[in-house]
Number of protein chains: 2
Amino acid sequence: MATPTAIAPAHGGPQGAHLLHPVVRKLSVYGSLTAEEQAALAGLGAGAQRVEARQDLLEEGAAPDCAVLVVEGIACRYSHRPSGARQITAYLLPGDLCDPDFAHLRRMNHGVGTLGPCRVARVSRETLAGLTGRHPGIARALRLAKLAEEETTREWVKNVGCRSAIERVSHLLCELHERLRVVGWATKAGYDLPLTQQDIADTTGLSNVHVNRVLRQLRLMRVVEVGGRRVDILNLAALHDIAEFQADYLRPSAVT
Amino acid sequence: MATPTAIAPAHGGPQGAHLLHPVVRKLSVYGSLTAEEQAALAGLGAGAQRVEARQDLLEEGAAPDCAVLVVEGIACRYSHRPSGARQITAYLLPGDLCDPDFAHLRRMNHGVGTLGPCRVARVSRETLAGLTGRHPGIARALRLAKLAEEETTREWVKNVGCRSAIERVSHLLCELHERLRVVGWATKAGYDLPLTQQDIADTTGLSNVHVNRVLRQLRLMRVVEVGGRRVDILNLAALHDIAEFQADYLRPSAVT
DNA sequence: CGATATGTTGATCTTTTTCAAGGATCGTGG
DNA sequence: CCACGATCCTTGAAAAAGATCAACATATCG
């Protein structure tokens with residue numbers, strides 16, 4: 001949405017299919033939606049508010065009162081250890097609806113916050129229930145999107161559990177590339193990424209220093225250049241190879 | 001279920017509330033179930049089949065045709081890297097229903113297999129749909145159980161992402177203890193655990209050798225003794241301290 | 001009883017972390 | 001516009017955690 005309030009100016013807004021709201025683009029991956037369903041979905045983003053970088057959307061331990069739809073920017077789920085160490089457990093990209101079911105919870109076991117500047121819309125339980133009740137296509141797409149999210153979390157366990165540093169970072173860059181591409185915020189050449197190296201470290205279970213070294217190595221290998229809030233992909237095939245990246249887990253498909 | 005076909009003989013079957021099926025015990029955590037609902041749930045386990053250790057229940061890449069209910073024993077979700085390295089991403093304990101929604105998938109991105117000998121029941125989509133359709137209490141409990149499973153996977157990301165070896169192993173032992181206790185297969189003193197050190201290594205992202213050393217350290221610290229397919233807890237408080245274990249994530253509670 | 005799995009230990013090597021310091025960048029207020 | 005502080009990035013050196021390799025012990029099971 002290249003609206004006047006768009007956030008990422010450097011390399012412009014979403015690519016292609018300009019008129020589609022990211023949540024429509026994302027959910028369309030899981031099955032076709034009627035025009036009516038698309039309109040209803042896009043309506044969710046109508047009241048989106050601007051939120052600065054590094055702000056909490058849902059606090060650790062709080063009782064959530066609504067779901068959150070990311071319209072623009074990057075947010076994350078995170079959790080802190082008593083020592084202060086932070087682990088990021090998921091990214092929320094444009095089009096991602098942060099957990100419908102959470103709105104029913106008495107207490108959050110993790111927090112949700114922005115990483116870069118965002119535009120987000122809060123969605124009440126009632127609105128969401130109405131939407132899925134009236135539009136079976138949306139309900140179905142949301143179910144599959146959730147399945148994809150679960151599979152993604154499992155892939156992250158695999159990533160931090162048994163891949164080397166360079167593989168982990170590469171895998172993260174591949175996943176972000178693929179997911180942003182779906183909603184039009186990435187091209188083959190790369191994407192804007194408002195993360196610090198510390199954020200990448202907290203995601204991959206590495207130290208910020210080592211992330212820096214891995215990124216330098218990837219740059220020297222002429223695979224990808226990360227810096228200046230931007231990811232420039234020089235050799236996508238090589239990046240995929242290093243990461244052993246298979247995008248399947250991002251797009252589950254149902255039988256029916 | 002101290003039935004004639006019970007598997008773990010060493011320290012006997014489930015403790016307390018002997019008559020309740022594990023899936024009833026587990027789901028009761030998320031809200032009270034009517035007698036009728038309990039009976040319907042217990043009926044799922046009626047046709048349970050014995051499965052040996054280290055057998056696939058759902059293969060990586062296959063199209064699942066049904067859900068799987070673990071009645072007894074321990075199974076897991078796992079994924080292999082091209083190199084052959086294995087990452088375990090979840091444990092399935094007695095009372096766990098392996099992913100209802102999966103039955104709709106065209107292709108599994110991970111496998112499900114037994115770790116020790118198990119008794120499992122296959123549950124068709126129709127059976128499951130009928131059950132949740134007729135019994136709102138079951139539907140609700142399954143939703144919360146799934147939420148707990150998601151939260152658990154995120155906790156695992158945190159575990160392998162930012163905890164030391166001894167913390168990771170301790171956390172795993174705490175989680176298994178708590179989950180098995182709910183379904184009556186653990187006491188304060190410990191539980192039977194048919195895992196090899198390699199299995200623990202594949203779960204925690206460590207080498208088998210290092211797992212061995214961590215277990216020795218925990219034994220010397222007189223915290224817990226792991227061996228002979230058995231976990232004996234000597235000092236539960238100390239184990240929780242080392243792991244920074246907070247059981248909250250295992251039992252989400254809804255507002256309504 | 002041998003064969004295969006698993007567990008145990010020591011020695012060595014690699015990866016990654018930690019610590020420390022300096023440099024770049026960016027936003028802000030004077 | 002520039003100076004300033006704050007944050008982020010970068011690099012080196014040293015230390016630590018954990019992996020790997022190799023050998024042997026010990027179940028376990030047909």
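Each chain gets a letter, A, B and so on, in the order the sequences are listed, and its residues count up from 1.
Nucleotide D/dT28 forms a Watson-Crick or G-U wobble pair with C/dA3, both donor-acceptor distances falling under 3.5 Å.
C/dA5 adopts a syn glycosidic conformation, its chi angle falling within 90° of 0.
The interatomic distance linking A/L218 (CG) with D/dC9 (C1') rounds to 16 Å, in whole Å. Atom CD in B/Q217 sits about 15 Å away from atom C1' in C/dT9, given to the nearest Å. Rounded to whole Å, the distance from CZ on A/R213 to P on D/dG12 is 8 Å. For A/R230 and D/dC9, the CZ to P distance is 17 Å, given to the nearest whole Å. In this structure, the CG atom of A/L206 is 10 Å from the C1' atom of C/dT15, given to the nearest Å. For the pair B/D202 CG and D/dG18 P, the computed distance is 17 Å after rounding to whole Å.
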Quick tally for nucleotides 3-8 of chain C: nucleotides whose base has a protein heavy atom under 4.0 Å get B, sugar-phosphate-only ones S, the rest -, giving ---SSB
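Side-chain contact between A/Y191 and A/R181 is absent, with no heavy atoms from C-beta onward closer than 4.5 Å.
No donor-acceptor pair under 3.5 Å is formed between the side chain of B/T153 and the backbone N or O of A/T153.
With 3.5 Å as the limit, one finds a donor-acceptor pair spanning the side chains of B/H110 and A/E151. Side-chain contact of A/T152 with A/Y91: a donor-acceptor pair under 3.5 Å is absent, judged by distance alone.
When distances run from any side-chain atom of A/S207 to the nucleotides C/dT9, C/dT18, D/dG18, the shortest one goes to C/dT18.
Ring-plane geometry between B/H171 and B/Y249 is classed as parallel, the angle between the planes falling under 30 degrees on a 0 to 90 degree scale with a further cut at 60.
The two residues B/N235 and B/R222 have their closest heavy-atom pair at CB-O, 3.8 Å.
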